[in-house]
Colleague: 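Below is a structure I'd like to ask you about.
This chain uses plain numbering: 1 for the first residue, then up along the sequence. Please read all numbers here as calculations on a predicted model, not as lab measurements. Side-chain atoms are counted along with the backbone in the values below, which use heavy atoms only and exclude waters and symmetry mates.
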Amino acid sequence: MPTQYSKDMAENENKKSQNFIVFIIKMAVVLCAATAAYHLFFWFLWKSEAGPDAYGNSYQKALMLQEHALAEEDREPEIIVFGSSYVPFGIDTATVEQITGQKCQILGIEAGIGIPILIEILYKDAKPGDTIVYMLGKSNWSGESLITLSAAFEGDKDLLNWYWSSREGSVEQSKNMLIWRKMYALLWNKPVEAVRYAITHKEQVYSLNSFDEKGNMTALREGTQISTDVSASDHLTFEDMDLETMDQLNELATWCKDNDINFVIAYSMNIDGSVDATDEELLEYDRQMREYMKADILLTPQDYFLPVEDFFNHEAHLNTEGAIEYSTILANALNDYLKGEE
């Protein structure tokens with residue numbers, strides 16, 4: 001017969017088993033609650049219409065305004081210039097409109113936006129009769145920043161969901177980063193910006209207030225902040241081009257042709273005297289570009305060389321006067337091209 005000791009041992013073991021099961025159940029409940037809270041917190045921060053807007057005045061929001069302008073159902077066909085940061089810094093839509101007699105819209109903010117999403121916006125919003133111009137420069141990469149684009153579309157949940165639906169795997173992998181970055185923007189961005197301004201006394205050039213709905217860089221960019229001591233150290237070679245992006249542009253060219261949309265390419269600006277290449281080498285670069293691309297290319301790289309005094313804070317960012325100069329060159333070339341198409 002079992003002794004009292006053995007009975008006590010069995011009872012203790014039974015209690016331990018029960019306690020362990022209870023512990024596991026409690027842990028499961030806690031984990032489920034924590035997981036639910038985590039997903040609810042993410043939903044509230046990013047997906048809910050009642051959620052906080054952390055990027056209300058950030059420059060990324062300019063892309064949302066540009067998309068809204070293109071998405072208007074009753075808009076007339078217009079000239080759409082897209083690309084990286086050299087587009088808002090380099091295009092003056094008023095100049096383009098005055099020369100061509102057509103409305104002009106910019107699509108593009110910075111290299112971190114990536115070219116693929118701009119192409120996807122064009123697939124969604126371009127209409128027959130539009131003329132699309134891609135400004136080809138070194139920042140024509142296929143990469144993009146999920147955080148930057150999420151911040152750009154934060155204020156339009158339909159647009160944000162449209163973007164996220166095509167990047168679903170990336171969003172799932174980046175939830176922690178999306179939460180952390182938004183919390184940082186909500187809690188620390190203003191204090192950090194206040195300290196920056198107190199130290200530098202300089203207004204932030206890149207903010208939503210620096211753009212209008214056409215994508216113009218409305219902030220007055222006076223003078224030249226880069227060195228005016230120009231040396232031939234830059235390179236223009238076909239080998240430096242990102243072929244993945246080029247192939248996507250070729251697909252866009254085919255789509256435009258099928259949908260009664262003009263699509264052309266214009267070289268971006270370069271500082272006159274900064275390119276380390278002979279005329280023959282530049283001619284070869286231009287030949288390779290025209291051979292590879294399915295879209296027509298306006299003018300030659302040299303036609304877009306501008307004096308260093310036309311540049312602002314970067315070798316690809318024009319000041320206000322430089323933007324007018326570049327836009328005049330582009331608009332006249334575009335006029336000649338469109339007349340030849342008639």
Colleague: So, Glu154 side chain and Ala54 main chain: donor-acceptor pair closer than 3.5 Å or not?
Modeller: yes

Colleague: In sequence, state the C-alpha distance, the side-chain angles, and the governing distance for Gln60 and Ile109, and then conclude on side chain to side chain contact (heavy atoms under 4.5 Å, CB included).
Modeller: CA-CA 7 Å; Gln60 295 98 330; Ile109 305 294; over 6 Å; no

Colleague: Any sub-3.5 Å donor-acceptor pair from Tyr134's side-chain atoms to Leu249's backbone N or O?
Modeller: no

Colleague: With a 3.5 Å cut-off and no angle check, do the side chains of Tyr38 and Asn176 form a donor-acceptor pair?
Modeller: yes

Colleague: Under 3.5 Å, is there a donor-acceptor pair between the side chain of Asn335 and the main chain of Ile99?
Modeller: yes

Colleague: So, taking the atom named CG in Leu282 and the one named OG1 in Thr237, what distance separates them when rounded to the nearest 0.5 Å?
Modeller: 10.5 Å

Colleague: Do Asp240 and His235 have a side chain donor and acceptor closer than 3.5 Å?
Modeller: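 No.
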
Colleague: Which residue pairs pass the side-chain hydrogen bond (donor to acceptor under 3.5 Å, both in side chains) test when at least one of the two sits in residues 247-256, sequence neighbours left out?
Modeller: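 Every pair satisfying side-chain hydrogen bond (donor to acceptor under 3.5 Å, both in side chains) with a residue in residues 247-256: Asp247-Tyr292.
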
Colleague: A side-chain contact here means heavy atoms from C-beta on lying under 4.5 Å apart; do Met183 and Phe41 qualify?
Modeller: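 Yes, close enough: below the 4.5 Å cut-off.
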
Colleague: Taking the six-membered ring for Trp, are Tyr304 and Tyr326 ring centroids under 6.0 Å apart?
Modeller: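 Here the rings of Tyr326 and Tyr304 have centres that are less than 6.0 Å from each other.
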
Colleague: Kindly indicate, with the supporting measurements, whether the criterion side chain to side chain contact (heavy atoms under 4.5 Å, CB included) is fulfilled by Leu107 and Asp125.
Modeller: CA-CA 11 Å; Leu107 179 63; Asp125 296 334; over 6 Å; no

Colleague: If we ignore hydrogens and angles and just use 3.5 Å, is the side chain of Ser231 paired with the main-chain N or O of Ser233 as donor and acceptor?
Modeller: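 Absent.
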
Colleague: Please check: side-chain N/O of Gln105 versus main-chain N/O of Glu213, any donor-acceptor pairing under 3.5 Å?
Modeller: yes

Colleague: In sequence, state the C-alpha distance, the side-chain angles, and the governing distance for Arg290 and Asp286, and then conclude on side chain to side chain contact (heavy atoms under 4.5 Å, CB included).
Modeller: CA-CA 6 Å; Arg290 292 176 188 274; Asp286 184 50; 2.9 Å; yes

Colleague: Between Thr224 and Glu309 (side chain of the first, backbone of the second, donor and acceptor by atom type, cut-off under 3.5 Å), is there such a pair?
Modeller: yes

Colleague: Any side-chain heavy-atom pair from Lys182 and Leu178 closer than 4.5 angstrom?
Modeller: no

Colleague: Return the minimal non-hydrogen interatomic distance between Ile121 and Trp162, and the atom names on each side.
Modeller: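 The answer is CG1-CH2, 3.9 Å.
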
Colleague: Quick one: does Ser174's side chain have a donor or acceptor within less than 3.5 Å of a partner on Val171's backbone?
Modeller: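 It does not hold such a pair.
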
Colleague: With a 4.5 Å limit on heavy-atom distance, are the side chains of Phe238 and Leu243 in contact?
Modeller: yes

Colleague: Compute whether any side-chain donor of one residue and acceptor of the other, for Tyr163 and Glu67, lie under 3.5 angstrom apart.
Modeller: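 Checked: Tyr163/Glu67 side chains show no N/O donor-acceptor pair below 3.5 Å.
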
Colleague: Quick one, Trp164 and Ser150 - any side-chain contact, counting heavy atoms below 4.5 Å?
Modeller: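 Yes, close enough: below the 4.5 Å cut-off.
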
Colleague: Pair Glu97, Lys214 - check side chain to side chain contact (heavy atoms under 4.5 Å, CB included), show working.
Modeller: CA-CA 12 Å; Glu97 291 176 349; Lys214 286 181 174 289; 2.9 Å; yes

